[in-house]
Amino acid sequence: MKPQDTFRKDRRAAMGIGTLIIFIAMVLVAAVAAGVLIQTSGFLQQKAAATGRSATEQVATGLSVSQLVGHVNVVPGGEIDSMALYLEPNSGSSSVDLSTAVLTLSNGTVQTQMKYNPNLFVDEADTGYSNIFNTSLTAWTNGNTTVNATSFGIIVLQDADGSLTATHPTLDTGDEVILTINATGAFGGIAQRIGVSGNVKPEFGAPAIIQFTTPPSYTTNIVQLQ
């Protein structure tokens with residue numbers, strides 16, 4: 001064998017080993033890159049799922065008004081002196097703590113904001129609520145009408161899981177409460193043909209909308225407003 005032939009074979013062998021090393025390196029790099037991509041995609045998937053659940057809860061969470069009734073102090077010729085706002089969570093809503101909610105009302109002349117007063121809490125879920133405008137209930141007066149000018153009370157109507165407490169009245173699915181509003185303290189009473197608007201805004205979630213116009217005359221002591 002000629003020396004030049006041996007040199008060519010050695011060079012081809014060296015080139016083959018170099019190519020093999022490069023190939024192995026490429027495989028290792030590809031494996032590392034694939035691992036990083038898989039890990040990143042898994043993290044992003046979990047993050048997207050968590051974000052989706054959070055967004056769904058925020059969209060679904062909120063309050064709704066089932067009805068709003070007013071109490072007329074004198075018939076005929078009187079004004080609405082107190083209102084009972086029936087409140088429940090939206091369908092699919094997460095828990096809503098009413099202790100941080102803000103109730104805003106406006107009659108076009110005066111706007112008032114009310115916050116929950118834990119001294120104005122009454123649990124009537126177990127004892128019945130045949131007369132929700134019973135003035136002996138602390139949810140209405142607490143012996144001080146000026147307090148109710150900037151505060152609302154709560155009467156519990158339905159609370160199967162006991163989540164509605166005086167400290168943290170938390171609305172869950174199936175719960176229902178009445179927010180007691182002292183219209184005399186807030187507006188000096190509400191006369192006929194008066195438009196009132198507002199909302200009950202929780203810390204998180206959609207607010208409950210309040211919108212009504214009082215009738216042209218009060219013929220009964222209890223008036224359906226919304």
Side-chain angles (χ1 to χ4, degrees), residues 63-76 78-89 96-99 101-105 107 112 114-192 194 196 198-200 202 207-215 218-226:
L63 303 171
S64 61
V65 176
S66 57
Q67 63 174 322
L68 174 61
V69 296
H71 179 267
V72 181
N73 51 6
V74 178
V75 176
E79 295 183 340
I80 293 176
D81 60 358
S82 53
M83 296 184 291
L85 179 68
Y86 289 71
L87 204 64
E88 57 189 16
V96 178
D97 188 352
L98 295 177
S99 66
V102 177
L103 191 158
T104 302
L105 286 175
N107 63 358
T112 181
M114 301 181 180
K115 294 185 177 181
Y116 168 64
N117 185 340
N119 294 321
L120 307 180
F121 179 87
V122 175
D123 190 347
E124 290 286 289
D126 298 327
T127 61
Y129 42 90
S130 57
N131 180 9
I132 62 170
F133 289 106
N134 182 357
T135 56
S136 65
L137 295 178
T138 57
W140 287 111
T141 61
N142 198 34
N144 189 347
T145 56
T146 60
V147 172
N148 280 340
T150 57
S151 303
F152 65 83
I154 290 179
I155 299 177
V156 179
L157 301 184
Q158 188 169 318
D159 179 24
D161 60 356
S163 61
L164 290 158
T165 64
T167 306
H168 290 284
T170 303
L171 274 177
D172 291 329
T173 301
D175 294 346
E176 186 175 17
V177 299
I178 290 175
L179 301 193
T180 58
I181 303 169
N182 190 321
T184 301
F187 303 117
I190 304 177
Q192 301 89 339
I194 299 296
V196 177
N199 60 64
V200 182
I209 304 301
I210 301 170
Q211 186 80 43
F212 67 89
T213 300
T214 55
Y218 298 138
T219 57
T220 60
N221 289 109
I222 305 300
V223 180
Q224 189 75 36
L225 300 172
Q226 181 175 329

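Numbers here are sequence positions counted from 1.
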For [X], side chain to side chain donor-acceptor pair (under 3.5 Å) partners two or more places apart:
{"X": "N134", "value": "S136"}
{"X": "Q211", "value": "none"}
{"X": "D81", "value": "H71"}
{"X": "D161", "value": "S163"}

With a 3.5 Å distance limit and no angle check, can you tell me whether [X] reaches the backbone of [Y] through a side-chain donor-acceptor pair?
{"X": "T180", "Y": "A139", "answer": "yes"}
{"X": "Q226", "Y": "I209", "answer": "yes"}
{"X": "T170", "Y": "H168", "answer": "yes"}
{"X": "N182", "Y": "A149", "answer": "no"}
{"X": "W140", "Y": "G153", "answer": "no"}

For the [atom1] atom of [X] and the [atom2] atom of [Y], what is their distance to the nearest 0.5 Å?
{"X": "M83", "Y": "I210", "atom1": "CE", "atom2": "CD1", "result": "7.0 Å"}
{"X": "L103", "Y": "N199", "atom1": "CG", "atom2": "CG", "result": "7.5 Å"}
{"X": "F121", "Y": "I154", "atom1": "CZ", "atom2": "CD1", "result": "6.5 Å"}
{"X": "F133", "Y": "I155", "atom1": "CZ", "atom2": "CD1", "result": "8.5 Å"}
{"X": "L85", "Y": "L105", "atom1": "CG", "atom2": "CG", "result": "8.5 Å"}

Which heavy-atom pair separates [X] from [Y] by the least distance, and what is that distance?
{"X": "A191", "Y": "E79", "result": "CB-OE2, 3.7 Å"}
{"X": "T112", "Y": "A186", "result": "CG2-CB, 4.0 Å"}
{"X": "T165", "Y": "G162", "result": "CG2-O, 4.0 Å"}

Taking side-chain contact (heavy atoms from CB on, under 4.5 Å) as the test, write out the residues that go with [X], two or more places apart.
{"X": "P89", "value": "S93, L171"}
{"X": "S66", "value": "Y86, E88, E176"}
{"X": "A208", "value": "L63, V65, L87, V200"}

Counting C-beta onward and ignoring hydrogens, is there a side-chain heavy-atom pair between [X] and [Y] closer than 4.5 Å?
{"X": "N107", "Y": "I190", "answer": "no"}
{"X": "F187", "Y": "I80", "answer": "no"}
{"X": "V122", "Y": "T138", "answer": "yes"}
{"X": "Y116", "Y": "L98", "answer": "no"}

Worksheet entry | Candidate pair Q224 and V69, rule side-chain contact (heavy atoms from CB on, under 4.5 Å), full reasoning | CA-CA 5 Å; Q224 189 75 36; V69 296; 3.4 Å; yes

Response to the item:
Checking L164, D159, L157, D123 against V177 for side chain to side chain contact (heavy atoms under 4.5 Å, CB included), the one that qualifies is L164

